[in-house]
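Structure record follows, encoded as structure tokens.
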Protein chains: 2
Amino acid sequence: MFFLKTLPSLDMVRGYTGDAGAAETVLDALGMLRRASLLLRDIEQYFARHGLSQQKFLIMVVIDREPDRNSLRLSEIANRLDVSKPVLHRTIKAMTAADLLMSKPDPKDGRSDLIQLTPQAKDLLTQIMPGYFEILLGADRPVQDTG
Amino acid sequence: MFFLKTLPSLDMVRGYTGDAGAAETVLDALGMLRRASLLLRDIEQYFARHGLSQQKFLIMVVIDREPDRNSLRLSEIANRLDVSKPVLHRTIKAMTAADLLMSKPDPKDGRSDLIQLTPQAKDLLTQIMPGYFEILLGADRPVQDTG
DNA sequence: CTTGATTCGTTATCATGATAACTAAATGTC
DNA sequence: GACATTTAGTTATCATGATAACGAATCAAG
């Protein structure tokens with residue numbers, strides 16, 4: 001993701017929306033996209049230093065936090081994350097090769113595997129979670145134009 | 001971009017941050033990432049219906065709104081958008097092939113071209129801008145499934 | 001002017017998002 | 001139970017983000 005460093009002026013937006021209140025709402029939304037873009041970049045860089053990505057991290061999170069179960073099917077993960085199945089398939093394959101996930105056949109559905117975290121994945125999750133929250137804590141700082 | 005459909009509970013986050021105020025800040029940041037993810041998806045779908053992407057749209061915007069000039073160099077566009085030069089290079093090439101951009105050599109720097117909008121691009125920009133603001137206006141409404 | 005450092009754009013390569021089209025399994029209807 | 005529909009996962013292909021490494025032009029130091 002990337003986004004405009006400098007947002008349009010209120011006057012410019014008002015030229016399209018007509019109404020000043022609407023123009024402010026639009027600028028709020030653009031500001032949010034800019035902040036999300038910067039935050040996401042910080043997050044991705046943090047995960048990259050641990051050999052991960054936000055995507056891989058979130059896959060581990062949704063499996064880990066599932067109550068009463070320690071595994072999920074691909075489609076269940078996809079539903080919890082709003083990500084497409086092909087993307088998830090590819091990532092699960094990579095994470096399995098990296099010993100972060102392991103699968104066993106689903107006894108109730110011959111099409112599916114039950115995907116669970118390896119011990120290494122659980123360790124890694126515990127290790128990186130505090131730094132993740134620290135980055136999110138810094139997210140309400142004012143956005144600066146760095147040039 | 002994609003993100004968790006269901007955010008962690010306040011209690012779960014408090015388990016990591018210790019302090020309740022910090023936990024709320026973290027949840028605000030996660031909520032923002034979720035809203036930005038959904039909004040961005042709407043925006044990309046809108047642009048796709050016009051044969052564009054957010055990236056291509058923003059390139060047109062920064063050239064169009066430049067005061068006193070009608071062209072920018074690649075690196076100037078990259079600076080205004082916070083996007084990497086290889087990405088921009090590839091996109092400018094595609095947009096030039098699609099008759100949205102045209103280039104002429106920069107008389108002041110033999111390494112650069114001056115990139116400007118074609119008349120078609122200006123027309124397209126005028127045509128799609130209102131719908132873009134309409135989507136941004138809806139960004140503060142509760143999330144709904146539009147199919 | 002010449003030399004060295006910097007900047008600009010390009011190429012190559014990779015990661016991560018999407019949709020379309022397919023196979024296999026499960027489900028629903030008769 | 002047979003057959004059509006639906007669902008789960010996979011494959012192929014594409015778009016868009018990144019960094020690394022490179023040649024060419026510019027700039028800065030002397």
Side-chain angles (χ1 to χ4, degrees), chain A residues 1-3 33 36-59 71-98 101 103-115 147, chain B residues 1-3 33 36-59 72-79 81-98 101 103-115 147:
Chain A
M1 188 173 171
F2 76 100
F3 204 69
L33 287 176
S37 174
L38 292 174
L39 180 55
L40 192 65
R41 193 171 298 182
D42 285 351
I43 289 170
E44 290 291 7
Q45 279 172 2
Y46 172 69
F47 287 138
R49 288 198 294 275
H50 292 85
L52 281 179
S53 62
Q54 182 187 235
Q55 188 203 161
K56 292 172 181 170
F57 170 74
L58 291 176
I59 290 169
S71 64
L72 288 174
R73 299 190 304 166
L74 186 149
S75 57
E76 294 176 316
I77 299 172
N79 278 331
R80 282 160 179 70
L81 290 182
D82 241 0
V83 70
S84 68
K85 289 188 294 178
V87 167
L88 197 53
H89 172 74
R90 183 214 284 146
T91 308
I92 287 172
K93 210 168 141 190
M95 290 176 75
T96 301
L101 297 179
S103 300
K104 55 184 179 192
D106 182 343
K108 297 199 183 138
D109 191 328
R111 295 168 300 183
S112 303
D113 279 350
L114 293 173
I115 299 153
Chain B
M1 187 172 170
F2 75 101
F3 205 69
L33 287 175
S37 175
L38 293 173
L39 180 55
L40 193 64
R41 196 172 295 183
D42 284 351
I43 289 171
E44 290 291 8
Q45 279 171 3
Y46 172 69
F47 287 137
R49 288 198 295 274
H50 292 86
L52 280 179
S53 62
Q54 182 187 236
Q55 186 203 164
K56 291 172 181 169
F57 170 74
L58 291 176
I59 290 169
L72 287 174
R73 300 190 304 169
L74 187 149
S75 55
E76 292 175 318
I77 299 172
N79 278 331
L81 291 181
D82 244 356
V83 70
S84 68
K85 289 189 293 179
V87 167
L88 196 53
H89 173 74
R90 183 215 284 147
T91 309
I92 287 172
K93 211 168 140 188
M95 291 177 76
T96 302
L101 297 178
S103 299
K104 56 185 178 191
D106 182 342
K108 298 200 182 134
D109 191 328
R111 295 167 301 185
S112 303
D113 278 351
L114 293 173
I115 299 154

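Convention: sequence-line order gives letters A, B, ...; per-chain numbering from 1.
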Point to revise | Sequence-distant partners of B:Ser53, side chain to side chain donor-acceptor pair (under 3.5 Å), two or more places apart | key: none
Review point. A:Thr91 versus A:Ile59: any side-chain heavy-atom pair under 4.5 Å?
Key: yes
Check your understanding: What is the distance from atom CG of A:Leu101 to atom OG1 of A:Thr96, rounded to the nearest 0.5 Å?
Key -> 5.0 Å
Point to revise | Atom pair CG (A:Asp106) and CG (A:Leu114), whose distance is rounded to the nearest 0.5 Å | key: 4.0 Å
Study note, to complete from the structure: Between CG of A:Leu81 and P of C:dG17 the distance, given in whole Å, is 10 Å
**Study point:** Check against side-chain contact (heavy atoms from CB on, under 4.5 Å), B:Asp113 and B:Leu74
**Key:** CA-CA 7 Å; B:Asp113 278 351; B:Leu74 187 149; over 6 Å; no
Considering only nitrogen or oxygen atoms on both sides, find all protein atoms under 3.5 Å from nucleotides 11-14 of chain C and state each distance.
unit_1, atom_1, unit_2, atom_2, d
C:dT11, OP2, B:His89, NE2, 3.4

Review point. Could you state the CD-P distance from A:Gln55 to C:dA15, rounded to the nearest angstrom?
Key: 12 Å
Check your understanding: In whole angstrom, what separates B:Asp106's CG from D:dA25's P?
Key -> 14 Å
Check your understanding: Whole Å only: how far is the CZ atom of A:Arg49 from the P atom of D:dT19?
Key -> 13 Å
**Study point:** N or O in side chain of B:Ser112 less than 4.0 angstrom from C:dC8 OP1/OP2
**Key:** no
Exercise for review: Assess whether side-chain contact (heavy atoms from CB on, under 4.5 Å) is satisfied between B:Ile115 and B:Glu76, documenting all intermediate values.
Suggested key: CA-CA 10 Å; B:Ile115 299 154; B:Glu76 292 175 318; over 6 Å; no
Exercise for review: Would you check if the side chain of A:Ser37 reaches a backbone N or O of A:Leu33 as a donor-acceptor pair within less than 3.5 Å?
Suggested key: no
Check your understanding: Salt bridge check: are A:Asp109 and A:Arg73 linked by an N-O gap of less than 4.0 Å?
Key -> yes
Practice item. Using a heavy-atom cut-off of under 4.0 Å over every strand shown, decide if B:Thr91 touches base, sugar-phosphate, or nothing. Key: nothing
Review point. Looking across every strand, which nucleic acid part, if any, lies under 4.0 Å from B:Ser84 by heavy atom: base, sugar-phosphate, or nothing?
Key: base
Please write out each protein N/O paired with an N/O of nucleotides 26-28 of chain C under 3.5 Å, distance rounded to 0.1 Å.
unit_1, atom_1, unit_2, atom_2, d
C:dA26, OP1, A:Gly110, N, 2.5

Exercise for review: Return the value, rounded to whole Å, for the distance between atom CZ of B:Phe47 and atom C1' of D:dA15.
Suggested key: 15 Å
Check your understanding: Closer than 4.0 Å, any side-chain N/O of A:Ser53 to the OP1 or OP2 of C:dA15?
Key -> no
Point to revise | Side-chain donor or acceptor of B:Gln54 paired with backbone N/O of B:Phe47 under 3.5 Å | key: no
Revision key, fill the gap. Residues of residues 71-80 of chain A with a heavy atom under 4.0 Å from any atom of DNA chain D, listed by number, are A:Arg73, A:Leu74, A:Ser75
Point to revise | Atom-to-atom span, CG of B:Leu39 to P of C:dG17 - whole angstrom | key: 18 Å
Practice item. Write down the distance between CD (B:Gln45) and C1' (C:dG17), rounded to a whole number of angstrom. Key: 13 Å
Review point. Rounded to the nearest Å, what distance is computed from the CD1 atom of residue A:Ile92 to the P atom of nucleotide D:dG9?
Key: 8 Å
Exercise for review: Apply side-chain contact (heavy atoms from CB on, under 4.5 Å) to A:Asp82 and B:Arg41, showing your working.
Suggested key: CA-CA 11 Å; A:Asp82 241 0; B:Arg41 196 172 295 183; 3.8 Å; yes
Practice item. Go through the structure and list residues passing salt bridge (charged side-chain N to carboxylate O under 4.0 Å, His left out) with B:Arg90, not counting sequence neighbours. Key: none
Point to revise | With A:Arg80 via side chain to side chain donor-acceptor pair (under 3.5 Å) - residues at least two apart | key: A:Glu66
Review point. Starting at the 5' end of DNA chain D and moving along, which residue's nearest nucleotide shows up first, B:Glu44 or A:Ile115?
Key: A:Ile115
